[in-house]
Amino acid sequence: MSTIISCSTYSSLAATKWKNPRIPTQGSSFLRTHKSCSWWNRQFLPKCSSHKNIQCQLQNEQKKRWFSLKECAISIALAAGLITGMPSLDWSPVAYAANPALSDLSVLISGPPIKDPGALLRYALPIDNKAIREVQKPLEDITESLKIAGVKALDSVERNLRQASRSLKQGKSSIISGLAESKKDHGVELLNKLELGMEELQQIVEDRNRDAVAPKQKELLQYVGDVEEDMVDGFPFEVPEEYRSMPLLKGRAAVDMKVKVKDNPNLEECVFHIVLDGYNAPVTAGNFVDLVQRRFYDGMEIQRADGFVVQTGDPEGPAEGFIDPSTEKTRTIPLEIMVGGEKTPFYGATLEELGLYKAQTKLPFNAFGTMAMARDEFEDNSASSQVFWLLKESELTPSNANILDGRYAVFGYVTENQDFLADLKVGDVIESIQVVSGLQNLVNPSYKIAG
């Protein structure tokens, strides 16, 4: 049994050689391997070459519409305001990054972008409790404080901790009143652990033990996140009727993905912990959990690893997605995008197609290891089983101004060992993906009906 690698050493983002590309394309799912090289690939990647009849985007006959001068002018203006280093214009029907509007999640887009997956998941919860957010923010700011060299960082950490402690003391009653009635006792227990943990962190700071700060911070933020989840009372919205019978994740779940790494003397096996967010993508996350329970991905190889994304999910044979045994057809799911300020996701269209150029997605492509569905270039509702993880920021994929936001359905983040995604390469094998929590939130599981 190989040793499970921890995330103690950072892995480089050097691009790896790849074959049979499966990367998200600009108008389709980030990846459906067979369809097109796409504008994204033409800008950043080697020319697509695959055994699955690739047709480049400009040859696609499904949408033969060039940008009008007005549309181009709007796109250029939006991109210029957001992207450092303007991308070269490509006269094809692509969408440029839109200027995010300030919303209820303004913390995500004010100041430096939030790239921590745990923080993104906390802010994505369907809650509105200012008191707990005022505890959360200074605890998260400890990460920035620790960037200061030496023990001087501890002075800044102490200020962060003092602010969080004061906010907890002043807002505790408001936090408790925000807990769901059925979860109140558990939430109060977590708050007590949070208070005690803050006292322990204060002692760590006084002892000038810098190395112990980050682990304790992680523990405290886990308590905060669990308290916030205890504020969610049931599932917050009704999934549209046409999708209601599909596998749905009504809440969150977590999976462990164990990958066997080949030809790497420094890394034999790694387990990636992934949190799936059904609050904001119930259809997309439910589809994935259902496939995991079918062991669809077990034994499957990594099919693309080029330094920008890691991708898998294309089964052997002519099918490009999961074939449902009950219908003998490819099971597809709609594009599903939740926007800040909205009560339900948008289905079946990109935010650009809806004219929502300033919308801020609840699950942005901000974090290393953001997980999303792949789909065909011009078919919004063609996602099935191919998934990808975004790795590297670029001129067109900066956090908070990402042209992928609103075009591909994000449904989770790798929260442990995500740095090691960069070490994966084509041919590495997914030994297993297992649900480790939240399976009770999956409704309409098809794997129980047909094996």
Side-chain angles (χ1 to χ4, degrees), residues 4-11 107-108 112-125 127 132-148 150-151 153-165 167-168 175 186-187 189-231 252-257 270-277 363 366-371 399 412-421 436-438:
I4 296 177
I5 303 298
S6 67
C7 191
S8 58
T9 304
Y10 186 77
S11 304
V107 66
L108 289 175
I114 294 177
K115 301 180 183 181
D116 177 71
L120 291 169
L121 287 163
R122 286 188 287 273
Y123 284 116
L125 284 167
I127 64 172
I132 191 64
R133 297 300 196 200
E134 289 180 344
V135 176
Q136 173 184 332
K137 185 63 168 62
L139 289 177
E140 291 172 344
D141 288 344
I142 288 174
T143 299
E144 289 299 312
S145 296
L146 289 175
K147 292 180 181 179
I148 300 173
V151 294
L154 296 175
D155 295 334
S156 183
V157 169
E158 188 170 21
R159 288 192 291 271
N160 298 141
L161 180 59
R162 193 181 306 122
Q163 181 182 351
S165 299
S167 296
L168 180 57
I175 294 171
H186 182 251
E189 180 183 348
L190 289 170
L191 285 173
N192 291 335
K193 290 181 178 179
L194 179 60
E195 285 183 306
L196 177 61
M198 286 184 176
E199 293 175 4
E200 292 170 347
L201 180 55
Q202 179 62 42
Q203 188 60 53
I204 288 171
V205 173
E206 291 176 2
D207 293 341
R208 312 305 279 177
N209 185 358
R210 179 191 166 105
D211 292 342
V213 171
K216 179 58 69 172
Q217 176 207 23
K218 182 178 180 179
E219 176 188 326
L220 298 181
L221 285 172
Q222 184 63 54
Y223 290 144
V224 169
D226 290 345
V227 169
E228 291 172 347
E229 289 208 48
D230 283 346
M231 292 179 171
R252 285 185 173 167
V255 300
D256 282 346
M257 180 174 72
C270 192
V271 176
F272 300 93
H273 188 72
I274 308 168
V275 177
L276 310 172
D277 189 352
L363 298 176
N366 278 22
F368 190 103
T370 298
M371 186 176 187
S399 298
Y413 297 98
V414 181
T415 60
E416 293 179 19
N417 286 346
Q418 59 265 43
D419 289 341
F420 287 96
L421 284 168
V436 294
S437 67

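Residue numbers run from 1 in the order of the sequence given. This is a predicted model, so every value here is computed, not measured.
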*asked:* When you measure from the side chain of Arg122 to the backbone of Val224, do you find a donor-acceptor pair of N or O atoms at a distance under 3.5 Å?
replied: no
_When you measure from the side chain of Arg210 to the backbone of Gly150, do you find a donor-acceptor pair of N or O atoms at a distance under 3.5 Å?_
yes
_With a 4.0 Å cut-off on N to O distance, would you call Asp211 and Lys216 a salt bridge?_
no
*Is it true that Lys137 and Asp141 have a side-chain N and a carboxylate O under 4.0 angstrom from each other?*
yes
Using the side chain to side chain contact (heavy atoms under 4.5 Å, CB included) definition, which of the options [options] pairs with [X]?
X      : options                        : answer
Leu201 : Leu196, Leu220, Asn160         : Leu220
Ile274 : Val436, Val414, Thr415         : Val414
Tyr413 : Val275, Asn366, Asp116, Leu121 : Leu121

Are [X] and [Y] close enough that some pair of their side-chain heavy atoms sits under 4.5 Å apart?
X      : Y      : result
Leu276 : Met371 : yes
Phe272 : Asn417 : yes
Asp155 : Ile148 : no

*Would Val227 and Leu194 count as a side-chain contact (heavy atoms from CB on, under 4.5 Å) if you check the C-alpha gap in whole Å, the side-chain angles of each, and the deciding distance to 0.1 Å?*
CA-CA 10 Å; Val227 169; Leu194 179 60; 5.6 Å; no
*Looking only at non-hydrogen atoms, find the nearest pair between Arg133 and Ile127 and report the distance.*
NH2-CG1, 3.6 Å
*Is a side-chain donor-acceptor pair under 3.5 Å present for Glu206 with Gln202?*
yes
